[in-house]
Engineer: 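Okay, handing you the structure first.
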Amino acid sequence: MSKTETPIIILNYKTYMESTGKNAIQLSKYVQEASQETGVNMAIAPQAVDLYPIINEVDIPVYSQHMDAVSPGGHTGSTLPEAIKQVNASGTLINHSEKRMTLADIDAIVEKAKELDLVSVLCTNNVKTSAAVASFNPDFIAIEPPELIGTGIPVSKADPDVVSNSVDEIHKINKDISVLCGAGISTGEDVKAALELGSEGVLLASGIIKAEDQKQALIDLVSLI
Ligand code: G3P
């Protein structure tokens with residue numbers, strides 16, 4: 001599967017203990033198995049410190065959660081885009097609500113991702129910001145209302161207009177951008193509703209990471225696609 005084939009499920013590991021270190025490696029194997037068994041394209045976004053061991057364990061697309069708009073040199077504590085490329089990551093999340101960036105840095109990082117052949121998943125919080133950043137031409141725009149993140153209340157049901165209107169406004173600017181949605185997604189019904197609203201996949205975290213049986217939760221998640 002290509003790293004940008006849709007529909008796509010992108011699992012953001014964030015910084016949960018259940019998706020850190022050895023747990024992150026095991027979860028990544030579950031995602032790979034679920035993707036192979038269901039035939040649905042799945043990608044993961046572990047913490048930077050876990051990228052290298054995970055990329056050497058699985059064949060599914062592995063994205064960074066963030067990259068800093070810095071060049072090689074004196075930028076202590078930053079995540080250099082070239083370093084993400086060198087560990088063979090497939091792409092990166094950009095401007096997640098939990099790691100907000102300036103417009104100038106978003107522009108710079110989307111350009112840098114293109115230069116390094118890294119998939120860009122640009123996160124937004126409403127229709128206006130989705131339309132605003134569409135001119136940067138990322139591969140994906142993931143619309144995620146922050147107030148729904150981690151609530152288990154799916155955006156595709158709680159605020160369907162933000163998804164469908166974002167799709168419409170983004171595609172007025174660039175029809176090639178694939179729109180994802182996220183926040184509160186956890187079931188097959190949530191994913192089905194998201195696709196019916198015009199999105200081409202979902203970005204999610206807690207519904208899978210905190211599940212009793214993470215692999216079964218992933219299989220159930222795509223059972224209605
Ligand atoms: O990046 C996806 C994330 O912000 C959604 O979180 O826990 O509501 O699936 P969650």
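Atoms within a ligand are numbered from 1 in the order they appear, just like the ligands themselves. Computed from a predicted model, the values in this text were never measured in an experiment. We use all heavy atoms of the structure for the numbers below, so side chains are in, but hydrogens, waters and symmetry mates are not.
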Engineer: Quick check: is I149 connected to V162 through a chain of hydrophobic side chains (ILVMFWY, heavy atoms under 4.5 Å apart)?
Structural biologist: no

Engineer: List every atom of ligand 1 that sits less than 4.0 Å from any heavy atom of N12, numbering the atoms from 1 in the order shown and giving each element.
Structural biologist: 1 (O)

Engineer: Can a donor-acceptor pair be found, under 3.5 Å and without considering hydrogens, that links the side chain of N23 to the backbone of S19?
Structural biologist: no

Engineer: Show the atoms of ligand 1 that are less than 4.0 angstrom away from any heavy atom in H96.
Structural biologist: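 Answer for ligand 1: 1 (O), 2 (C), 3 (C), 4 (O).
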
Engineer: Does some non-hydrogen atom of G182 fall short of 4.0 Å from ligand 1?
Structural biologist: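 In this structure, G182 fails to qualify as a contact of ligand 1 - no heavy atom is under 4.0 Å.
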
Engineer: Number the atoms of ligand 1 from 1 as they appear, then name those within less than 4.0 Å of a heavy atom of I149, with their elements.
Structural biologist: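 Checking each atom against I149, I get 4 (O), 6 (O), 8 (O).
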
Engineer: If the threshold is 4.0 Å, N to carboxylate O, is there a salt bridge linking K85 and E82?
Structural biologist: no

Engineer: Do N125 and S97 meet the criterion of a side-chain donor-acceptor pair at a distance under 3.5 Å?
Structural biologist: no

Engineer: V58 versus V31: any side-chain heavy-atom pair under 4.5 Å?
Structural biologist: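 They are not in contact (no side-chain heavy atoms under 4.5 Å apart), so the answer is no.
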
Engineer: List the closest protein heavy-atom neighbour of atom 9 (O) of ligand 1: residue, atom name, distance to the nearest 0.1 Å.
Structural biologist: A205 N, 2.8 Å

Engineer: Tell me: protein heavy atom nearest atom 2 (C) of ligand 1, and distance?
Structural biologist: E144 OE2, 2.6 Å

Engineer: Under a 4.0 Å N-O cut-off, is there an ion pair linking K112 with E115?
Structural biologist: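 Yes, charged N to carboxylate O under 4.0 Å.
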
Engineer: Starting from atom 6 (O) of ligand 1, which protein heavy atom do you reach first, and at what distance in Å?
Structural biologist: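 The answer is K14 NZ, 3.4 Å.
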
Engineer: Evaluate the side-chain hydrogen bond (donor to acceptor under 3.5 Å, both in side chains) criterion for residues S28 and E57: first the C-alpha distance (whole Å), next the side-chain angles of each, then the deciding distance (0.1 Å), finally the verdict.
Structural biologist: CA-CA 8 Å; S28 304; E57 281 286 338; over 6 Å; no

Engineer: Whether K29 and E33 form a salt bridge (side-chain N of Lys/Arg under 4.0 Å from carboxylate O of Asp/Glu) is what I want to check.
Structural biologist: no

Engineer: Just heavy atoms, cut-off under 4.0 Å: does S206 contact ligand 1 by side chain, backbone, both, or neither?
Structural biologist: both

Engineer: Please determine if I185 has a nitrogen or oxygen closer than 3.5 Å to a nitrogen or oxygen of ligand 1.
Structural biologist: no

Engineer: Which atoms of ligand 1 are found less than 4.0 Å from any heavy atom of L203?
Structural biologist: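 By the 4.0 Å cutoff, the relevant atoms are 1 (O), 2 (C).
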
Engineer: Check ligand 1 against G150 and write out every atom of the ligand that is under 4.0 Å from a heavy-atom position of the residue.
Structural biologist: 7 (O), 8 (O), 10 (P)

